[in-house]
Amino acid sequence: MPWFRALLAWLVIIVAESVHGTLRTMHLAPAIGDFQARRVGVLIGTALVFVIALGFTRWIGAKSRWQLLGIGALWVALTVAFEVGLGRAVLHFDWTRILADYDLSRGGLMGFGLLAMLFMPLLAARTTHPHQLGLRV
């Protein structure tokens, strides 16, 4: 599996998400509140990941559905590690604040965003080059 290329694509994702998060905090959160802005951010972030996956999936060179799902799983694991690491070490968030984004009972949508991220390489491949992987449209 082309892990190195998948890692490079994830770096593009995390830079885009970081810029998105900064802009969200500066411009959207003051208008609608931090938690609501983070919820909206999951939807915008999911769209960003899809667009980036569209641009990188063919270049990554996955040869099967399982490799595409493996790439998605890698992206999810790296993203969770990045989010927790950034939240704890840099922003000094407590666990309650970090886990709030994942708690569906409290309106957190991050779990849905990560689930979508898992399938983004497969969805992007189906969109951009379905016949190359034997995928049905």
Side-chain angles (χ1 to χ4, degrees):
M1 176 180 312
W3 291 103
F4 183 71
R5 287 182 177 197
L7 176 63
L8 291 177
W10 176 80
L11 288 172
V12 172
I13 289 169
I14 213 62
V15 167
E17 288 284 11
S18 296
V19 170
H20 162 247
T22 300
L23 293 173
R24 181 191 70 234
T25 300
M26 292 172 51
H27 300 288
L28 188 59
I32 66 172
D34 181 58
F35 188 69
Q36 277 301 107
R38 291 193 326 259
R39 290 182 66 183
V40 170
V42 170
L43 301 174
I44 295 169
T46 300
L48 281 172
V49 171
F50 180 63
V51 169
I52 293 167
L54 283 172
F56 279 89
T57 301
R58 185 183 297 255
W59 176 76
I60 289 171
K63 302 292 185 215
S64 71
R65 289 178 184 97
W66 288 111
Q67 285 185 346
L68 291 163
L69 288 172
I71 291 165
L74 174 68
W75 290 356
V76 168
L78 291 171
T79 300
V80 170
F82 179 83
E83 291 278 332
V84 171
L86 180 70
R88 295 289 293 161
V90 177
L91 302 174
H92 306 291
F93 290 155
D94 63 16
W95 284 107
T96 303
R97 165 60 176 78
I98 290 171
L99 295 176
D101 288 333
Y102 297 88
D103 187 352
L104 281 174
S105 70
R106 294 180 50 207
L109 299 178
M110 188 65 162
F112 287 122
L114 292 173
L115 184 62
M117 180 181 271
L118 174 66
F119 292 100
M120 283 303 166
L122 182 60
L123 181 60
R126 288 185 73 148
T127 303
T128 60
H129 56 288
H131 303 296
Q132 181 178 342
L133 294 169
L135 301 173
R136 293 184 189 182
V137 181

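Numbers for residues simply follow the sequence, beginning at 1. All heavy atoms count here, side chains included; hydrogens, waters and symmetry mates do not.
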Does T128 offer a backbone N or O that forms a donor-acceptor pair with the side chain of R58 under 3.5 Å?
yes
I14, F56: one ILVMFWY side-chain cluster at the under-4.5 Å cut-off?
yes
Are T57 and M120 side-chain neighbours, meaning at least one heavy-atom pair lies under 4.5 Å?
no
How close do G113 and T46 get, counting heavy atoms only, and between which atoms?
CA-OG1, 3.8 Å
If you define the side chain from C-beta out and look only at heavy atoms, does anything of V80 sit under 4.5 Å from E83?
no
Going from CZ on F4 to CD1 on I60, what distance comes out if it is rounded to the nearest 0.5 angstrom?
12.0 Å
Return yes if some donor-acceptor pair links the side-chain N/O of W10 with the main-chain N/O of I71 below 3.5 Å, else return no.
no
Closest approach of R39 to G107 (non-hydrogen atoms, all atoms of both residues)
NE-O, 3.0 Å
Interatomic distance, CG@L115 vs CG@L109, rounded to 0.5 Å, equals 12.0 Å
Starting from L123, can I reach W59 by hopping between I/L/V/M/F/W/Y residues whose side chains sit under 4.5 Å apart?
yes
Student check: side-chain heavy atoms of R97 and D34 closer than 4.5 Å
yes
Determine, using the 4.5 Å side-chain heavy-atom cutoff (strictly less than), whether V76 and F50 are members of one ILVMFWY cluster.
yes
On a heavy-atom basis, the closest approach of A62 and P2 is N-CG, 4.0 Å
Is it the case that more than 12 heavy atoms not belonging to F112 sit under 6.0 Å from its CZ atom?
no
Worked verdict on M117 versus I13 for side chain to side chain contact (heavy atoms under 4.5 Å, CB included):
CA-CA 10 Å; M117 180 181 271; I13 289 169; 4.0 Å; yes
CG of L122 to CD of Q67, rounded to nearest 0.5 Å, is 12.0 Å
If you compare all heavy atoms of I52 against all heavy atoms of A16, which two are closest, and at what distance to 0.1 Å?
CD1-CB, 3.7 Å
If we only count heavy atoms from C-beta on, is the D101 to V42 side-chain gap below 4.5 Å?
no
With a 4.5 Å limit on heavy-atom distance, are the side chains of L114 and Y102 in contact?
yes
Could you tell me the separation between the CD1 atom of I44 and the CG atom of L28, rounded to the nearest 0.5 Å?
6.5 Å
Please report the interatomic distance CZ(F82) to CG(L11), rounded to the nearest 0.5 Å.
9.5 Å
Shared hydrophobic cluster for L104 and L43 (ILVMFWY, side-chain gaps under 4.5 Å)
no
Taking the side chain as C-beta and beyond, is there a heavy-atom pair between I98 and R88 under 4.5 Å?
yes
Closest non-hydrogen contact found for A37 with R24 is O-CD, 2.9 Å
What I'd like to find out is whether the side chain of W75 reaches to under 4.5 Å of the side chain of L118, using heavy atoms alone.
no
Under a 4.5 Å side-chain heavy-atom rule over Ile, Leu, Val, Met, Phe, Trp and Tyr, are V51 and V19 clustered together?
no
How long is the gap from CG on L74 to CG on L7, to the nearest 0.5 Å?
6.5 Å
